[in-house]
Q: 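Dropping the structure in here first, questions after.
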Amino acid sequence: KNYENILTSRPEPGVALVTLNRPKALNALNTALFAELTEALRLIDADREIGAIVITGSEKAFAAGADIKEMKDKSFADVYQNRFLENWQEITTIRKPIIAAVSGFALGGGCELALMADILLAAPNAQFGQPEVKIGTITGGGGSQRLARAVGKSRAMELTLTGRMWGAREAAEWGMASRVVDEGVGVVVREAVALAGEIAGKSQIAVQAQKEAVNAAYEQSLSEGLKTERRLFHMTFATADQREGMAAFVEKRKPNFTSS
Ligand code: HXC
């Protein structure tokens with residue numbers, strides 16, 4: 001499908017790549033872009049050929065935030081009654097793993113979008129920030145909640161109250177990114193696609209249940225989360241992939257997963 005603000009492709013079997021593509025505005029996330037992004041993710045989630053998703057931007061900007069030009073004249077009544085940005089939630093309902101390949105600026109809503117991904121890989125030039133306080137507003141796409149969970153309260157406070165940027169190394173040290181990839185144009189996307197390909201080669205049911213289980217750690221108490229995990233674990237015993245995976249191990253051969 002053709003979109004105006006994003007590009008979609010299949011760089012290798014099982015992997016969908018979504019590239020934010022408003023280069024003139026450093027991929028500022030306006031309503032149209034976000035609607036396209038959520039639609040594309042919904043379609044990809046329903047496509048049985050795809051096992052994992054990579055979201056990226058350009059070399060210079062993953063996304064420089066919500067579109068300030070679009071927001072600047074809105075009133076409280078506009079944003080409240082039209083539930084401005086509430087559709088961002090939809091991304092959290094995607095079952096397939098989402099990897100954010102971040103190069104350049106990931107600011108405001110761009111940083112929040114990266115934090116919504118399941119795995120974050122950072123290029124050495126990645127620059128994260130929640131600068132909302134500098135334009136008289138606050139994080140609105142989960143920044144306060146997800147950043148605090150990712151990097152801890154004191155850092156989340158310092159970063160959001162100053163609006164100061166931080167780099168790839170800090171993001172990885174603090175646990176917000178899983179790692180910093182090597183220097184070079186496009187390397188972060190290649191690494192993310194390779195990682196997505198590795199995940200896509202597994203049982204899709206197991207991968208999706210595993211994602212759901214880890215996410216429970218951020219949504220539920222420990223005892224509820226453990227129960228969710230155990231139920232999902234038991235559920236895998238109703239799948240052909242569990243029988244195939246364990247039989248293949250015992251027979252010393254590669255498993256042939258059918259995601260059923
Ligand atoms: C609209 C934006 C934009 C944004 C950049 N542009 N960020 N337009 N919304 N968030 C536009 C600029 O206006 C400019 O357009 C073009 O992109 C290039 O940007 P420059 O500023 O000229 O580039 P540079 O000097 O390299 O500076 C890069 C930058 C700066 C440091 C990233 O653009 C910047 O500070 N941007 C705003 C970052 C920000 O505050 N983000 C948070 C937004 S609030 P023209 O037409 O002049 O060429 C937010 C709230 C989230 O995200 C709420 C919940 C989702």
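What you see is a predicted model, and the numbers here were worked out from it, not measured in a lab. Each ligand, and each atom within it, is numbered from 1 in the order the structure gives.
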Q: Of the protein's non-hydrogen atoms, which lies at the shortest distance from atom 41 (N) of ligand 1, and what is that distance?
A: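 Protein heavy atom at minimum distance: Ala64 O, 2.9 Å.
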Q: Check whether any protein heavy atom sits under 4.0 Å from atom 36 (N) of ligand 1.
A: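 Neighbour list for atom 36 (N) of ligand 1 is empty of protein heavy atoms (cut-off 4.0 Å).
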Q: Does Arg10 pair with Asp47 as a salt bridge, N-O distance under 4.0 Å?
A: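 Salt bridge flag = yes for Asp47 with Arg10.
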Q: Identify, by atom number and element, the atoms of ligand 1 in contact range of Pro131, meaning under 4.0 Å from any of its heavy atoms.
A: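 Matching atoms, with element in brackets: 39 (C), 40 (O), 41 (N), 42 (C).
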Q: Would a line drawn from the ring center of Phe237 to the ring center of Phe233 be shorter than 6.0 Å?
A: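 For Phe237 and Phe233, the ring centres are under 6.0 Å apart.
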Q: I'd like to check which ligand 1 atoms, numbered from 1 as shown, lie under 4.0 Å from a non-hydrogen atom of Gly108.
A: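 In order of numbering, the contacting atoms are 42 (C), 52 (O).
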Q: Between Lys211 and Asp118, does any NZ, NE, NH1 or NH2 come within less than 4.0 Å of an OD or OE carboxylate oxygen?
A: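 A salt bridge is present here (some side-chain N lies under 4.0 Å from a carboxylate O).
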Q: Please determine whether side-chain hydrogen bond (donor to acceptor under 3.5 Å, both in side chains) holds for the pair Gln220 and Thr228, giving the CA-CA distance in whole Å, both sets of side-chain angles, and the decisive distance to 0.1 Å.
A: CA-CA 9 Å; Gln220 301 177 345; Thr228 297; 2.6 Å; yes
Q: Return the residue, atom name and 0.1 Å-rounded distance of the protein heavy atom closest to atom 9 (N) of ligand 1.
A: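 Going atom by atom, the protein heavy atom closest to atom 9 (N) of ligand 1 ends up being Ile68 N, 2.9 Å.
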Q: If you measure every N/O of Trp88 against every N/O of ligand 1, is any gap under 3.5 Å?
A: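 It does not: no N or O of Trp88 is found under 3.5 Å from an N or O of ligand 1.
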Q: Go through ligand 1 atom by atom and flag the ones less than 4.0 Å from a non-hydrogen atom of Glu112.
A: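 Those qualifying, in numeric order: 51 (C), 53 (C), 54 (C), 55 (C).
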Q: Using a 4.0 Å cutoff against the non-hydrogen atoms of Ala25, which atoms of ligand 1 qualify?
A: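 In order of number, 2 (C), 5 (C), 6 (N), 11 (C), 17 (O).
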Q: Who's the nearest protein heavy-atom neighbour of atom 33 (O) of ligand 1, and how far?
A: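 Looking at atom 33 (O) of ligand 1, the protein heavy atom closest to it is Leu26 CD1, 3.8 Å.
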Q: Would you mind telling me if ligand 1 is within reach of the side chain of Leu85, the backbone, both or neither, using heavy atoms under 4.0 Å?
A: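 Looking at Leu85 and ligand 1, just side chain atoms fall under 4.0 Å.
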Q: May I ask you to say whether Arg253 pairs ionically with Glu244, meaning some side-chain N is under 4.0 Å from a carboxylate O?
A: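 Glu244 and Arg253: salt-bridged.
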Q: Checking contacts here: is it the side chain or the backbone of Ile135 that comes within 4.0 Å of ligand 1, counting heavy atoms only? Could be both or neither.
A: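 The answer is the side chain of Ile135.
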Q: Against heavy atoms of Leu107, which atoms of ligand 1 measure under 4.0 Å?
A: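 Numbered from 1, ligand 1 contributes 32 (C), 38 (C).
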Q: Quick one: does Gly109 get an N or O within less than 3.5 Å of an N or O on ligand 1?
A: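 Yes, Gly109 has an N/O under 3.5 Å of an N/O on ligand 1.
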Q: Measure from the side-chain N and O atoms of Asp67 to the backbone N and O of Lys69, and report whether any donor-acceptor pair falls under 3.5 Å.
A: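 At least one qualifying donor-acceptor pair exists.
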Q: Is Arg22 salt-bridged to Glu4, cutoff N-O under 4.0 Å?
A: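 So Arg22 does not pair with Glu4 through a salt bridge.
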Q: Indicate whether any N or O donor in one side chain lies under 3.5 Å from an N or O acceptor in the other, for Asn125 and Ser103.
A: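 Present: a donor and an acceptor within the cut-off.
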Q: Parallel under 30°, tilted from 30 to 60°, perpendicular over 60°: which one fits the rings of Trp166 and Phe128?
A: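 Because their plane-to-plane angle is under 30°, the rings of Trp166 and Phe128 count as parallel.
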Q: How about atom 22 (O) of ligand 1: does it have a protein heavy atom within less than 4.0 Å?
A: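 No, there is none.
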Q: Just going by heavy-atom distances, which of Lys134, Glu132, Lys72 is nearest to atom 51 (C) of ligand 1?
A: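 Considering heavy atoms of Lys134, Glu132, Lys72, the nearest to atom 51 (C) of ligand 1 sits in Glu132.
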Q: Salt bridge check: are Arg155 and Glu170 linked by an N-O gap of less than 4.0 Å?
A: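 No salt bridge links Arg155 with Glu170.
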Q: If you measure from the Lys or Arg side-chain nitrogens to the Asp or Glu carboxylate oxygens, is any gap between Arg146 and Glu112 under 4.0 Å?
A: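 Glu112 and Arg146: not salt-bridged.
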Q: Using protein heavy atoms only, decide if any is under 4.0 Å from atom 25 (O) of ligand 1.
A: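 Not a single protein heavy atom is under 4.0 Å away.
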Q: Verify the contact flag for atom 30 (C) of ligand 1, where contact means a protein heavy atom under 4.0 Å away.
A: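 Within 4.0 Å: no protein heavy atom nearby.
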Q: Among Gly140, Ala28, Gly104, which one has a heavy atom closest to atom 4 (C) of ligand 1?
A: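 That would be Ala28.
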Q: Counting from 1, what ligand 1 atoms have a heavy atom of Gly65 closer than 4.0 Å?
A: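 Taking each heavy atom of Gly65 in turn, ligand 1 has 52 (O) under 4.0 Å.
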Q: Which of these passes side chain to side chain contact (heavy atoms under 4.5 Å, CB included) with Ser178: Ile99, Leu195, Leu121?
A: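 Between Ser178 and the candidates, side chain to side chain contact (heavy atoms under 4.5 Å, CB included) is satisfied uniquely by Leu121.
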Q: Could you tell me whether atom 17 (O) of ligand 1 has a protein heavy atom closer than 4.0 Å?
A: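 It does: a protein heavy atom is found less than 4.0 Å away from atom 17 (O) of ligand 1.
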Q: Can you tell me if CE on Met235 sees more than 12 non-hydrogen neighbours from other groups inside 6.0 Å?
A: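 Correct, the count exceeds 12.
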Q: Which part of Ala66 is near ligand 1, with near meaning a heavy atom under 4.0 Å away: side chain, backbone, both or neither?
A: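 Both of them.
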Q: If you take the nearest heavy atom of each of Gln130, Lys69, Lys24, Glu70, which one is closest to atom 47 (O) of ligand 1?
A: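 Selected option, by shortest heavy-atom distance: Lys69.
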